[in-house]
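Notes follow once the structure below has been shown.
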Amino acid sequence: MTLRSYLGSTLAFALVAGPIRAQQAPRAVVVARVDSLAADFISKTHTPAVSVAVLRGSDTLVMKGYGDASVDPRREASASTVYRIGSITKQFTSAAIMRLVERGKLSLDDPMSKYLPDVPAHGRTVTIRQLLNHTSGIHSYTSEPEWRKRWADDLTPRQIVAFVDNDTLDFSPGTGWLYNNTGYVLLGMIVEKITGEPYATYLQHDLFTPLGLRQTSYCPTRPTDPSFAAGYSSAGGTVKPAEFLSMTQPFSAGALCSTVR
């Protein structure tokens, strides 16, 4: 299971021209095509809402929402609807790590144990680079049946990693590839260890604020701001509220929120 699969069925997309030949098409044609694609997607997948942006160079061709960000009470989606962006969070975690590399705070070939000595590596050396590129061999906690039972609990990053403490490695570090959420939780823990700050605080002042990402943040577990989309799941054509998940759990592998803007 990836983090995307449990974050609900309301989505945000940012499209860069190509798939609908926006480079050549008149604006009205692009807008009509996107409107049609969004309506078709909502109809076929029973997704409550989609927010879409289409850019051509510096020209914004489409920036709008479709459907309902909340079904009950009803709130229409817009370009400013805030969604959980799931595993796109990993891009921000990677950027945070690479900024620390640029500043000489760590090396990509440092062993994980240099910063997290209490995390079992089963006698193997796991490097920062291997955590980043999913070649560490460490088992992904989202594949653990026991984790599925704890979704509602507020857990620390170390408690999340502990789900796989006793698991053997999936393969010897560096010899294979397997998508891995545990690796990115470990990277968030390393960010906190080196900076002495909570992951969310560090990303806010080092990435979000300087880049002008005013609608990007660590997701609240129970958002009260009406700009946040509600989470839904769909089964057999029926949409229902998604099962509750504490936002402590995706952490640096999948707990950021943002808008299509």
Side-chain angles (χ1 to χ4, degrees), residues 1-11 48 70 82-94 96-97 112-113 115-122 126 130-132 134 136-171 178-193 197-203 217-225 228-235 238-258:
M1 174 184 286
T2 66
L3 287 167
R4 288 180 299 176
S5 63
Y6 65 72
L7 290 180
S9 59
T10 307
L11 305 175
S70 172
V82 182
Y83 300 92
R84 293 179 182 177
I85 62 173
S87 286
I88 296 173
T89 299
K90 292 179 175 67
Q91 304 298 321
F92 290 90
T93 301
S94 298
I97 288 289
M112 173 187 73
S113 59
Y115 307 99
L116 305 174
D118 67 324
V119 176
H122 305 283
V126 175
Q130 290 164 347
L131 295 176
L132 284 167
H134 303 278
S136 71
I138 296 172
H139 199 56
S140 186
Y141 74 95
T142 50
S143 298
E144 286 291 317
E146 287 304 309
W147 167 73
R148 182 67 176 74
K149 301 173 185 177
R150 300 285 304 275
W151 278 12
D153 298 343
D154 291 339
L155 301 177
T156 67
R158 186 64 187 91
Q159 287 175 313
I160 294 166
V161 172
F163 282 110
V164 300
D165 271 1
N166 298 321
D167 291 352
T168 58
L169 299 185
D170 293 330
F171 47 81
L178 191 63
Y179 188 86
N180 191 309
N181 287 307
T182 305
Y184 270 77
V185 171
L186 290 167
L187 289 167
M189 292 169 65
I190 290 169
V191 168
E192 292 191 332
K193 180 77 170 183
E197 297 181 274
Y199 171 82
T201 302
Y202 180 72
L203 260 62
S217 65
Y218 196 101
C219 298
T221 288
R222 298 182 184 276
T224 57
D225 185 335
F228 280 74
Y232 297 95
S233 59
S234 177
T238 301
V239 173
K240 62 180 182 180
E243 186 174 349
F244 177 77
L245 173 73
S246 167
M247 282 290 100
T248 62
Q249 297 205 26
F251 188 51
S252 49
L256 296 186
C257 280
S258 193

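In what follows, every heavy atom counts, from backbone to side chain, and hydrogens, waters and symmetry copies are set aside.
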As a quick check of understanding, evaluate salt bridge (charged side-chain N to carboxylate O under 4.0 Å, His left out) for E144 and R150, giving each step before the final call.
CA-CA 11 Å; E144 286 291 317; R150 300 285 304 275; over 6 Å; no

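- Side-chain contact between T221 and F244 is present, with at least one heavy-atom pair separated by less than 4.5 Å.
- Between P241 and S233, the closest heavy-atom pair is O-OG, 4.2 Å.
- Counting only heavy atoms from C-beta outward, the side chains of P250 and L245 approach each other to under 4.5 Å.
- With hydrogens and angles ignored, the 3.5 Å screen pairs no side-chain donor or acceptor of Q91 with any backbone N or O of I88.
- Pairing each heavy atom of H139 with each of D167, the nearest pair is CD2-OD2, 3.2 Å.
- The side-chain heavy atoms of I190 and L116, taken from C-beta on, include a pair separated by under 4.5 Å.
- Interatomic distance, OG1 of T89 versus CZ of R84, reported as 11.0 Å (0.5 Å rounding).
- Between K90 and N181, the closest side-chain pair of non-hydrogen atoms falls below 4.5 Å.
- Residues R158 and V119 meet the side-chain proximity criterion, which asks for heavy atoms closer than 4.5 Å.
- A donor-acceptor pair under 3.5 Å is absent between the side-chain atoms of Q249 and the main chain of I160, judged by distance alone.
- Taking the six-membered ring for Trp, Y184 and H134 have ring centres closer than 6.0 Å.
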Worked check of side-chain contact (heavy atoms from CB on, under 4.5 Å) between V126 and L131
CA-CA 7 Å; V126 175; L131 295 176; 3.8 Å; yes

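- Partner M189 forms a side chain to side chain contact (heavy atoms under 4.5 Å, CB included) with one of L187, L186, V191 and no other, that one being L186.
- Note that CG of L256 and CZ of F251 are 10.0 Å apart. Values are rounded to the nearest 0.5 Å.
- Two residues are said to be in side-chain contact when any heavy atoms from C-beta on lie closer than 4.5 Å; V185 and F163 fail this criterion.
- Without hydrogens or angle criteria, S140 side chain to S143 main chain gives no donor-acceptor distance under 3.5 Å.
- With hydrogens and angles disregarded, a donor-acceptor distance shorter than 3.5 Å links the side chain of T248 to the backbone of L155.
- Closest heavy-atom contact between P48 and V239: CG-CG1, 4.0 Å.
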Would S70 and Y232 count as a side-chain contact (heavy atoms from CB on, under 4.5 Å) here? Give the steps.
CA-CA 9 Å; S70 172; Y232 297 95; 3.8 Å; yes

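- Counting only heavy atoms from C-beta outward, the side chains of S87 and Y179 approach each other to under 4.5 Å.
- Shortest non-hydrogen contact noted between A121 and M112 is CB-CE, 4.3 Å.
- Here the closest non-hydrogen pair linking G188 and Y199 is CA-CD1, 4.1 Å.
- Between L169 and I138 the shortest side-chain heavy-atom distance falls below 4.5 Å.
- Between the OG1 atom of T93 and the OH atom of Y202 there is a distance of 11.5 Å, given to the nearest 0.5 Å.
- Between W147 and Y141, the two ring planes are perpendicular [angle over 60°; tilted spans 30° to 60°].
- Side-chain atoms of Y218 never come within 3.5 Å of backbone atoms of L203 as a donor-acceptor pair (strictly under, hydrogens ignored).
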